[in-house]
Amino acid sequence: MADKSKTSENTEVSEAQIAVHWKEEEYFKPSKKFTEQANVQDPKIRERFSLKHFPDCFKEYADMLTWFQPYKTVLDTNNPPFWKWFVGGKLNASYNCVDRHLAQYRDKAALIFVGEPEEDPPVALTYQELYIRVNEMAALLRDYCGLKAGDRVTLHLPMTVELPITMLACARLGVIHSQVFGGFSGQACGTRIQDSGSHVLITMDAYWRAGKLLDHKINADIAVQTAKDEGQPVDKVLVWQRYPGKYSSPTPMVKGRDFFVNELLAQYRGQLVEPVPMDAEAPLFLMYTSGSTGKPKGCQHRTGGYLAYVTGTCKYIQDIHPSDTYWCMADIGWITGHSYIVYGPLALAATSVIYEGVPTHPDAGRPWRIAVRLGVNIFHTSPTAIRALRKSGPDEPKKYAYHFKHMTTVGEPIEPEAWRWYYDAVGKREAVIVDTWWQTETGGFLCSTIPGIDPMKPGSAGPGVPGIHPVIYDDNGEELQAGCGRAGNICIRNPWPGIMQTIWGDPERFVKTYYSRYTKDPKSKDWHDWPYVAGDGAMQAADGYFRILGRIDDVINVSGHRLGTKEIESACLTITEVAEAAVVPVADDIKGRVPEVYIALKPGFEGSPEVINRIIKANEDIIGKFARPKHVYIVPDMPKTRSGKIMRRVLASISNRRDVGDVTTLANPAVVEEIRTLVQGKEAVISKEAVPDDIAKFGQNE
Ligand code: PRX
C-alpha cells in the first residue's frame, strides 16, 4: 500500500508517472534472404489476428495440432477470469510432439544433447528413438509408480535429454509434471513437492556445471525430508544416471524408496503406451515462479491452449521450419525451456538442441563451436548470456563459420549496446533478432516483432504478437497513449490460449495478483473488463513498440530468473541472530540485477563474518546458489518511517550509489549516513549514469 504521509520519502510520484528518457534507436530491417523464407510474409496477419477476429483467430494455432476430438467452443468466458480454451476438444501433447511426426520424420533428429565436457561427442535422438524412450518411461510411470491422469509428479532434473523424455512420458499419461529448475536447492524443491502434492520425485544422480560433476542426488534427500516435514510423503524417488549403468553420486540410495530408472526400464523395453486423450482444459504442467509474497506460485498450464499457443508462436515468431536446427540455451527448468525447447519446437518437428552446461565453459568460444558442429541456424538466449559472452570473448564469434538466420533475446531488458553486439558479432549482420517479452504465467510470447515483417529496434520488444493486444494504464487506470513519453503498467486487454489457468490450489490469489487491479466490475462476464496485469513497467513509443522497463512488484530479475525479495528476506530470518532483513536490487553489468541484503541483528548479538556466511548459506540452502546475495551488510538499524516501515528505497539508493534524497523526516535519519558510510566508505559515491527505472521506483509502493 502506498504510504500517503507527506514526507519526501513517501513521494506521491507513482511508478506510472515516471517519465523515461531514452534515445529513440534506429531501425534494422530483416534481410531479403530471411524474409523470403519466413513462415510469416503476409502483413495481413495483424488484421487476421485483430480484435475484430477475436477469439476465432486462435483457431489458426489450434489447427497446427492434431486433435483426437475436435473442440466445440474456441473460448468460454463464463467464469472470468478463468477462461476456457478449445472446449470439448481432446488431444495429447506427447502424441503431438512425437508420434505424429513418425510418418514423415522418423529418422530426423528430434533432440541433440551436448554435454558440458567438450570431449564427449553430442548425442542425437531421432523422433523414432524419442518415441521409444518416451513410451518406455510412460510404461514405467504407469505400471511401476501407479501414476494416472491428473496426478502430479515433481521433476528436479538437470539439462539432459532425460528431462524432456520424462516430461513427454508424463504428458502421454495426462500426469501433470512439475519440473523444478535443477539449480534450486533441495529445500526449495521440497516445498514445491508439498504444494503440488506429488508422491513421486524424479531426479538425476549428477550433472556437469562449470567443469564439476555436481552431486545432485543429495538434493533429493533434502527435498523428500522437507516435503515430509510439511506434510507431504514421497513414496518413490526415481534416479536417472548421468552415465547410465554408473552411479555418479556419493550420496547413498535409500532402500525401498530410491530406484535407478535405467534399471527399472529393463522391464519395459519396447512397451508402447497409448497416448491418453486429454481434455483441452486438462492441466499439462505446473511451473513455480516467484511473486511478491514468500510463497512461490504454481502456474498451472492447460493442455490444448498452451500447446496451440507455443506451437503457433514458435512457427511465426521463432520462424521454425522442420528443416531447422534450433538451439535455445535457456534451461528447461524455466518456462522458456518448456515452451521453446520442448513443446513448441517438437510440435513443429524441429531439431532442438539441449546443452548441459555453462555457456562460457571452457571458454567464450564454446557456443559458437557447438553452433558450427551441429549446424545450428536459430539461436535463442538471454541478455545475461549475451553480456557474459561479450565480456569474455567479444571477438570469438568471427572465428567460427556458423550462420544464424534468426536469434532471440528473452528474459530481461536488453541494453541497445548489448543488442548491437548480438546483431553485429553473433548474428554477423545476417540474422534477424526478436526481443520477446513474456512471463511464466503467459505460456508464450506477448510482445515481439514478427521477424520477416517488422523492423527491429534495439532495446524494444516490439508490438504485441499476433492476437495479443497490450495496453498501458497509469495508476488511476487511465490509458497511456503511444508516444506520450510516460511509463505505466503494461496489461493485456484480451485472453489468449497460452495464459495460465490458475495458481495451483489458490484461485483467489490468481484473481488478485493478475486481474483485480484494473477490473472495473468484478461481476462482469465480459472479457473486456478483465485486463491481465503483467506486473511490469513499460512505455510505448509513437511507432507502437513497447519497451519493457522491469518489475513493478518486489521481484528481482537476476540473470532472467525471478526472485521474490520476500523469499530472500524469509531465508535470512531463519538465522537466529537476525531481527530484520531487507533486500534490494543492485545493477550488475552481467546479471542485470543482483540482490544485496541489509540485516539488523537482535539486541545482544554482534555481527561477524561467520554470521554473514550463515546468512549467505541460508539463501543457498533454502532457495539455491543463484540466489546468493552479492553483499550482506549488518547495519545498526534499518531506516524507517515514523510508522515503522523499512525504507527499502533508501537502501536501494545507497547500494546503487544514488542520492538518497531528503531523509530528515524518517524516524531515525542519522542511521542513513551510518549505513551509507558502511557501504560506500567515507566519501559519498554518486553514480552519474541514468537510474534504471525498476531501481528508481523500488520500494516506492511500500
Ligand atoms: O520483467 C519481465 C522480464 O521477466 C519477467 C518474467 O520472468 P519469468 O516469468 O521468469 O519468465 C522469463 C521468460 C519469459 C517479466 O515480467 N522479461 C521477460 N522477457 C523480457 C523481460 N523484460 C524485458 N524484455 C524482455 N524481452
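Whatever order the structure lists them in is the order used to number ligands and atoms, beginning at 1. Values in this document were obtained by computation on a predicted structure and should not be read as measured data.
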Which residue and atom name correspond to the protein heavy atom nearest [atom], and how close is it?
atom                   : answer
atom 1 (O) of ligand 1 : D536 OD1, 2.7 Å
atom 7 (O) of ligand 1 : R562 CD, 3.1 Å
atom 9 (O) of ligand 1 : T440 OG1, 2.5 Å

Heavy-atom contacts with I548 under 4.0 Å: which atoms of ligand 1 show up? List them by number with element.
-> 22 (N), 23 (C)
Per-atom filter on ligand 1: closer than 4.0 angstrom to a heavy atom of N557 are 3 (C), 4 (O)
Applying a 4.0 Å heavy-atom criterion (strictly less than), which segment of I414 is in contact with ligand 1: side chain, backbone, both, or neither?
-> neither
Under 4.0 Å between heavy atoms, the region of T336 that gets near ligand 1 turns out to be side chain
The one among P413, G411, A461 that brings a heavy atom closest to atom 23 (C) of ligand 1 = P413
Among Q439, M287, E412, which one has a heavy atom closest to atom 22 (N) of ligand 1?
-> E412
Residues [X] and [Y] bridged, charged N to O under 4.0 Å:
X    : Y    : result
D195 : K297 : no
E479 : R486 : no
E417 : R390 : no

Do W437 side-chain atoms and E412 backbone N/O form a donor-acceptor pair below 3.5 Å?
-> no
Hey, does the side chain of N656 reach the backbone of A587 with a donor-acceptor pair shorter than 3.5 angstrom?
-> yes
Say you draw a straight line from OH of Y61 to OH of Y309; how long is it, rounded to the nearest 0.5 Å?
-> 6.0 Å
Hey, do the aromatic rings of H177 and H338 have their centres closer than 6.0 Å?
-> yes
Taking both backbone and side-chain atoms of D435, is any N or O found less than 3.5 Å from an N or O belonging to ligand 1?
-> yes
